[in-house]
Amino acid sequence: MTQFILGSTYSMTCLYNRPHFYLLEISLFLCLTTTVYAQEQQRIYNPIPLEYHSEMYDRLSDQDIPTGEGGFAKDYWVKLEKGDQVAVDLMSDEFDSVVLLLGADGTTIAENDDGPDGSTNSLLFSRITESGRYIIRVHAFGETGSGNFRLKVTRLRPIGH
């Protein structure tokens, strides 16, 4: 009798000492491992939906997306239409904020580090040239930085509309 352990929780027992039974046991283990790995990969990148004229209070931490530069980022997605003019306002008292607007293909449409008021908050304005889903990326300036923040996306309209 041979016993196989699958992960740390499951085990199977093989009553016959024949090569084809071992192959079945190993194939089952690889299948289970591949399935779990695929399920984990689906959860790796999942931007948070964001609506117009809404404020999002959130926290940037080392549990968010690594930037590859020593810091972390948090992504939100928003549907924008051709001709929209948007303002993205990012404020934090706990870190020097940076906000990016990314196209569906990952290209940077606009970026802002410090707003016009002289603070380390970020204020980004952009005119949308193509309808689609856009990513708003929040991160801290430099290699480190985390903490609470407020993110607001506003569609700008001419007065009287």
Side-chain angles (χ1 to χ4, degrees), residues 5-10 28-161:
I5 297 178
L6 303 177
S8 59
T9 312
Y10 302 101
L28 180 59
F29 174 73
L30 291 175
C31 180
L32 290 173
T33 303
T34 304
T35 302
V36 171
Y37 181 72
Q39 289 172 350
E40 288 297 320
Q41 287 231 340
Q42 290 175 352
R43 289 184 274 178
I44 288 177
Y45 183 71
N46 192 17
I48 301 163
L50 191 62
E51 299 291 329
Y52 277 126
H53 303 291
S54 65
E55 289 187 14
M56 171 74 69
Y57 291 86
D58 209 340
R59 179 167 181 77
L60 186 63
S61 75
D62 62 359
Q63 300 300 306
D64 292 316
I65 304 164
T67 62
E69 300 170 353
F72 297 89
K74 188 167 268 191
D75 286 357
Y76 301 86
W77 71 267
V78 62
K79 180 125 173 90
L80 299 173
E81 301 296 326
K82 181 178 180 176
D84 284 349
Q85 295 180 52
V86 294
V88 181
D89 193 8
L90 174 60
M91 294 182 280
S92 177
D93 294 329
E94 299 179 27
F95 62 91
D96 183 357
S97 66
V98 178
V99 65
L100 285 90
L101 179 64
L102 305 173
D105 62 356
T107 58
T108 300
I109 307 296
E111 180 177 3
N112 184 266
D113 177 13
D114 295 331
D117 62 356
S119 72
T120 60
N121 293 321
S122 303
L123 180 59
L124 178 146
F125 295 99
S126 186
R127 181 184 307 265
I128 305 305
T129 59
E130 195 173 310
S131 296
R133 183 173 160 163
Y134 289 79
I135 298 293
I136 297 171
R137 177 165 292 163
V138 170
H139 70 91
F141 180 80
E143 291 185 13
T144 59
S146 62
N148 296 318
F149 64 87
R150 179 179 71 102
L151 177 64
K152 183 177 180 182
V153 177
T154 306
R155 184 180 350 191
L156 305 174
R157 296 181 182 254
I159 296 175
H161 285 88

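Computed from a predicted structure; not experimentally measured.
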Working to the nearest 0.5 angstrom, can you tell me the gap between Ile136 CD1 and Leu101 CG?
6.0 Å
Please, which pairs that meet side-chain hydrogen bond (donor to acceptor under 3.5 Å, both in side chains) have at least one residue in residues 127-136, sequence neighbours excluded?
Glu81-Ser131
Hey, what do you get for CG (Leu100) to OG (Ser126), rounding to the nearest 0.5 Å?
11.5 Å
Gly103 versus Ile109, closest heavy-atom pair with distance
N-CG1, 3.6 Å
Interatomic distance, OG1@Thr154 vs CZ@Phe125, rounded to 0.5 Å, equals 9.0 Å
What's the shortest heavy-atom distance between Asn121 and Leu90, and which atoms?
CB-O, 3.4 Å
Using a 3.5 Å distance criterion without hydrogens, assess whether the side chain of Asn112 forms a donor-acceptor pair with backbone atoms of Leu123.
yes
Tell me the closest heavy-atom pair linking Ile48 and Met56, and the distance in Å.
CG2-CE, 3.9 Å
Residue pairs involving residues 88-115 (criterion salt bridge (charged side-chain N to carboxylate O under 4.0 Å, His left out); sequence neighbours excluded)
Arg59-Glu94, Asp89-Arg150
What closest approach, in Å, do Lys74 and Phe149 show between heavy atoms, and which atom pair accounts for it?
CD-CZ, 4.2 Å
Beyond-backbone contact of Tyr76 with Asp58, side-chain heavy atoms, under 4.5 angstrom
yes
Modelled atom types, side-chain donor and acceptor of Ser92 and Ser97, under 3.5 Å
no
Write down the atom of Phe72, the atom of Ser61, and the distance for their closest heavy-atom approach.
CB-O, 3.4 Å
Can you tell me how far the CZ atom of Arg137 sits from the CG atom of Asp64, to the nearest 0.5 Å?
11.0 Å
From CA spacing to verdict: side-chain contact (heavy atoms from CB on, under 4.5 Å), Phe141, Thr120:
CA-CA 9 Å; Phe141 180 80; Thr120 60; over 6 Å; no
Drop me the distance from Lys79's NZ to Leu50's CG, to the nearest 0.5 angstrom.
14.5 Å
